[in-house]
Amino acid sequence: MMLHESLKDLPDLWAEAQEIVRQVPRGRVTTYGRVAEALGDRASSKFVWLALTPSERAEDVPWHRVVRSDGSLVGSRSSDTLAEKATLLSGEGVAVTSGKIADFRDLLYDDLKSSSPLSALRAKQMRLRERVKVPRSDVRLSRVAGVDVSYDGNRAFASLVTLDFESEELLDERSRSSEVRFPYIPSYLAFRELPLVAPLVSSLDEETVLMYDGNGILHPHGFGVACHAGIVFDVPTIGVAKRLLCGTLSGGQNANVSKVLNHGEMVGYAVAHGEHKPIYISPGHGISRSQSLFIVRRFLKSRIPIPLQMAHERANALRRSADD
DNA sequence: GCGACAG
DNA sequence: ATCTTGTCGC
């Protein structure tokens, strides 16, 4: 199966972020949020911070000219770059007083040029969203597949398992290792993971629903990774997340299930198994809200549904066995 | 003190 | 997601 058009020719966001930072002149500063906005989404500011870490950035990138939105300096994770940052700025005539840029407003450089790659990706999501179907009635299903991805730096290990819906028997198991080419940015998870799992999903049997570790329509723009997977792989999909991405909980029918509302729309359920923290279930594509809930609960023996738990364990095992 | 956005 | 020792519980 060919990689879907929406997952091809993805931008190199690490390179794009650094190209933006290179535009900040000596003696001026910008913020992680401004660089993120130039990339096309302010929500990518944490990614920008990560991309400027010593191990990630190129030698010629003026990383020290990027500070927090209030003018305060922050270093990178697990390293003492804070002092070096202040020294480099002072050397360019930028005064730093008690950890903050003195004339922050005046020194802000705000003419960052970029092709806004994240805006383009958001536009792709919005176009594909129109194809998502969330039926009212149930569809016939006899198998459940689960996929998950484990990471080791820029290496990814993806696994897919398929179980029989009735017997829970393991029918199929596939795994694959590949290189990561897109960062994790909330609400753009599909662009990071779907290229990695696509080869595993090709030619799934009919009547198989794919369970994905992430969200379906429970997404700030109604198009989570499970929706995207459903469209590009043309299979029914369900999203199962361990943390809430957006929306609010609305009182449920019983103590274990409550609805998730986003902009007034019912987009999924929060389900707590026993005393566990809840998981968040939402339809991806080709399946109803209620059937999504039913299928996940059918495989809920612990906090994580069996198919996802098995895929998770296999992906981890593969990563650990590849250490050497 | 508030916010802390899936993996 | 991953970084990480011992530790608490089924």
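Please read all numbers here as calculations on a predicted model, not as lab measurements. Letters A, B, ... are given to chains in the order of the sequence lines, protein chains preceding strands, and every chain is numbered from 1.
Residue A:Y188 is in base contact, counting any heavy-atom pair closer than 4.0 Å across all strands shown. Within the 4.0 angstrom heavy-atom criterion, only backbone atoms of the sugar-phosphate kind lie near A:R319; the bases stay farther away. A:D213 comes within 4.0 angstrom of sugar-phosphate atoms only, judged by non-hydrogen atoms across all strands, and of no base.
Using a 4.0 Å cut-off, no side-chain N or O of A:K46 falls inside it from OP1 or OP2 of B:dA4. Dashed line: the shortest gap from a side-chain N or O of A:Y184 to OP1 or OP2 of B:dA6 is under 4.0 Å. A:K242 has a side-chain polar atom (N or O) that falls below the 4.0 Å cut-off from OP1 or OP2 of B:dG7. A sub-4.0 Å separation between OP1 or OP2 of B:dC5 and a side-chain N or O of A:R243 is absent. Taking only side-chain nitrogens and oxygens, A:S150 never comes nearer than 4.0 Å to OP1 or OP2 of C:dA1.
With respect to A:K113 and A:E19, no salt bridge is recorded, no charged nitrogen being found less than 4.0 Å from a carboxylate O. A:D152 and A:R320 are not joined by a salt bridge, as no carboxylate oxygen comes within less than 4.0 angstrom of a charged side-chain nitrogen.
Ring-to-base geometry does not place A:Y151 in a stacked arrangement with C:dA1 (centre distance under 5.5 Å, plane angle under 30° required).
For the pairing with A:R143, the side chain to side chain contact (heavy atoms under 4.5 Å, CB included) check across A:L171, A:L163, A:L210 returns one residue only, A:L171.
Using bins of under 30°, 30° to 60° and over 60° for the plane-to-plane angle, the ring pair A:H276/A:H273 lands in the parallel bin.
As a whole-Å value, the separation of A:R320 CZ from C:dC3 P is 11 Å. If you measure from atom CG of A:L50 to atom C1' of B:dC5, you get 14 Å, rounded to the nearest angstrom. If you measure from atom CH2 of A:W49 to atom C1' of B:dC5, you get 16 Å, rounded to the nearest angstrom. In this structure, A:N316 places its CG atom 13 Å from C1' of B:dG7, rounding to the nearest Å. When the C1' atom of B:dC5 is taken as reference, atom OH of A:Y280 falls 13 Å away, rounded to whole Å. Going from atom CZ of A:F182 over to atom C1' of B:dG7 covers 13 Å, rounded to whole Å. For the pair A:R192 CZ and B:dG7 P, the computed distance is 13 Å after rounding to whole Å. Put simply, NE2 on A:H312 is 7 Å from P on C:dT2, counting in whole angstrom units.
In this structure, A:F165 has its ring center under 6.0 Å from that of A:F299.
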